[in-house]
Amino acid sequence: MPDLQLEKRHLAAGKGPVIGIDEAGRGPWAGPVTAAAFWLNPDCFGQLPSDLNDSKKLSPVKRAAIYTALTMGEHAFSVVSIAASKIDQIGILSATFLAMQRAAKSLQDNLIRRQHAAIGLCLVDGNLDPGLDMPVKMVIKGDALSYSIAAASIIAKETRDRLMCDLARDYANYGWDKNMGYGTKGHLEALRLHGVSQHHRRSFAPIKNFLQR
């Protein structure tokens, strides 16, 4: 289970707010990649949901409930999605980093407007530095270690899932409200029957193969 050790260690040094950053949707064949940056208000550490955890370890119902609790609290966050067309232009890794950069910058602007200091540390899930213009600590499997990263993972996942459900209303053939754009058997069959949509990632090998046929 994640905890607040990384956050409290940094705050004890008096170096400014600490935020968590995570992404959702690097692997799917369709839809955006989404990144979230989340600041947990230290004044509310004692009021965090007891089941706050890595989004992948939560049921959809539980994740949605925690999302509501986090977004209605005294915290702050920013979430950014990069569309499939941009992913095809710059690549999925660069698109993921771009989403993280924009989310972190937006959150910092928000915190400064709220009279807080500039961000003192970004806890980023994984081992790849996204190139933020602020201090960064990479945390492997960070969504299972840090509450801030876990909160960001929930915001990113829930936001992206809702976007995919919205897209599914206009592109019902692909089942995006269930597969979230991932390469399931049903998604593959839909591609065979209906072809490639504007929201598919044409630079991804499975989609590229369909286009080359």
### Task
Under the side chain to side chain contact (heavy atoms under 4.5 Å, CB included) rule, what do Glu7 and Leu123 come out as? Steps first, then yes or no, please.
CA-CA 9 Å; Glu7 290 86 348; Leu123 300 172; 3.9 Å; yes
### Donor-acceptor under 3.5 Å (Ser94 side chain, Gly91 main chain)
no
### Query
So, the side chain of Asp125 versus the backbone of Gly142: is there a donor-acceptor pair under 3.5 Å, distance only?
yes
### Query
Are more than 12 heavy atoms from other residues, nucleotides or ligands located less than 6.0 Å from atom CG of Asn209?
yes
### Query
So, the side chain of Gln101 versus the backbone of Pro130: is there a donor-acceptor pair under 3.5 Å, distance only?
yes
### Message
Set out, in order, the CA-CA distance, both residues' side-chain angles and the distance that settles salt bridge (charged side-chain N to carboxylate O under 4.0 Å, His left out) for Asp161 and Arg63, then state yes or no.
### Response
CA-CA 11 Å; Asp161 281 5; Arg63 187 176 63 239; 2.9 Å; yes
### Salt bridge flag under 4.0 Å for residues Arg113 and Asp109
no
### Task
On the 0 to 90° scale, with breaks at 30° and 60°, tag the Tyr174-Trp176 ring pair as parallel, tilted or perpendicular.
parallel
### Task
Please test Phe38 against His75 for ring pair (Phe, Tyr, Trp, His ring centres under 6.0 Å), starting from the C-alpha separation and ending with a verdict.
CA-CA 8 Å; Phe38 205 100; His75 312 294; 5.8 Å; yes
#### Entry: Heavy-atom neighbours of Gln5 CD exceed 12 at 6.0 Å
no
#### Entry: Donor-acceptor contact present, side-chain Asn179 to main-chain Gly175, <3.5 Å
yes
### Query
Is Arg201 salt-bridged to Asp88, cutoff N-O under 4.0 Å?
no
### Query
Looking at Lys57, Lys157, Lys56, which hits salt bridge (Lys or Arg N to Asp or Glu O under 4.0 Å) with Asp143?
Lys56
#### Entry: Close side-chain approach of Lys62 to Ile66, heavy-atom, < 4.5 Å
yes
### Query
Looking at residues at least two apart in the chain, or sitting in another chain, which of them share a side chain to side chain contact (heavy atoms under 4.5 Å, CB included) with Asp177?
Cys165, Ala168
### Query
Among the clusters formed by ILVMFWY side chains lying less than 4.5 Å apart, do Val124 and Phe77 turn up in the same one?
no
### Message
If you apply the rule side chain to side chain contact (heavy atoms under 4.5 Å, CB included), what do you find for Ile21 with Leu107, and how did you get there?
### Response
CA-CA 11 Å; Ile21 298 176; Leu107 179 54; over 6 Å; no
### Heavy-atom donor-acceptor pair, His187 side chain to Tyr182 backbone, under 3.5 Å
yes
### Message
Tell me if a side-chain donor or acceptor on Thr96 pairs with a main-chain N or O of Ile92 at a distance below 3.5 Å.
### Response
yes
### Task
Using a strict cut-off of less than 4.0 Å between a Lys/Arg side-chain nitrogen and an Asp/Glu carboxylate oxygen, indicate whether Glu189 and Lys185 qualify as a salt bridge.
no
### Task
State, yes or no, whether a side-chain contact exists between Glu23 and Val33 at a heavy-atom distance under 4.5 Å.
yes
### Ring centres under 6.0 angstrom apart (Trp29, His200)
no
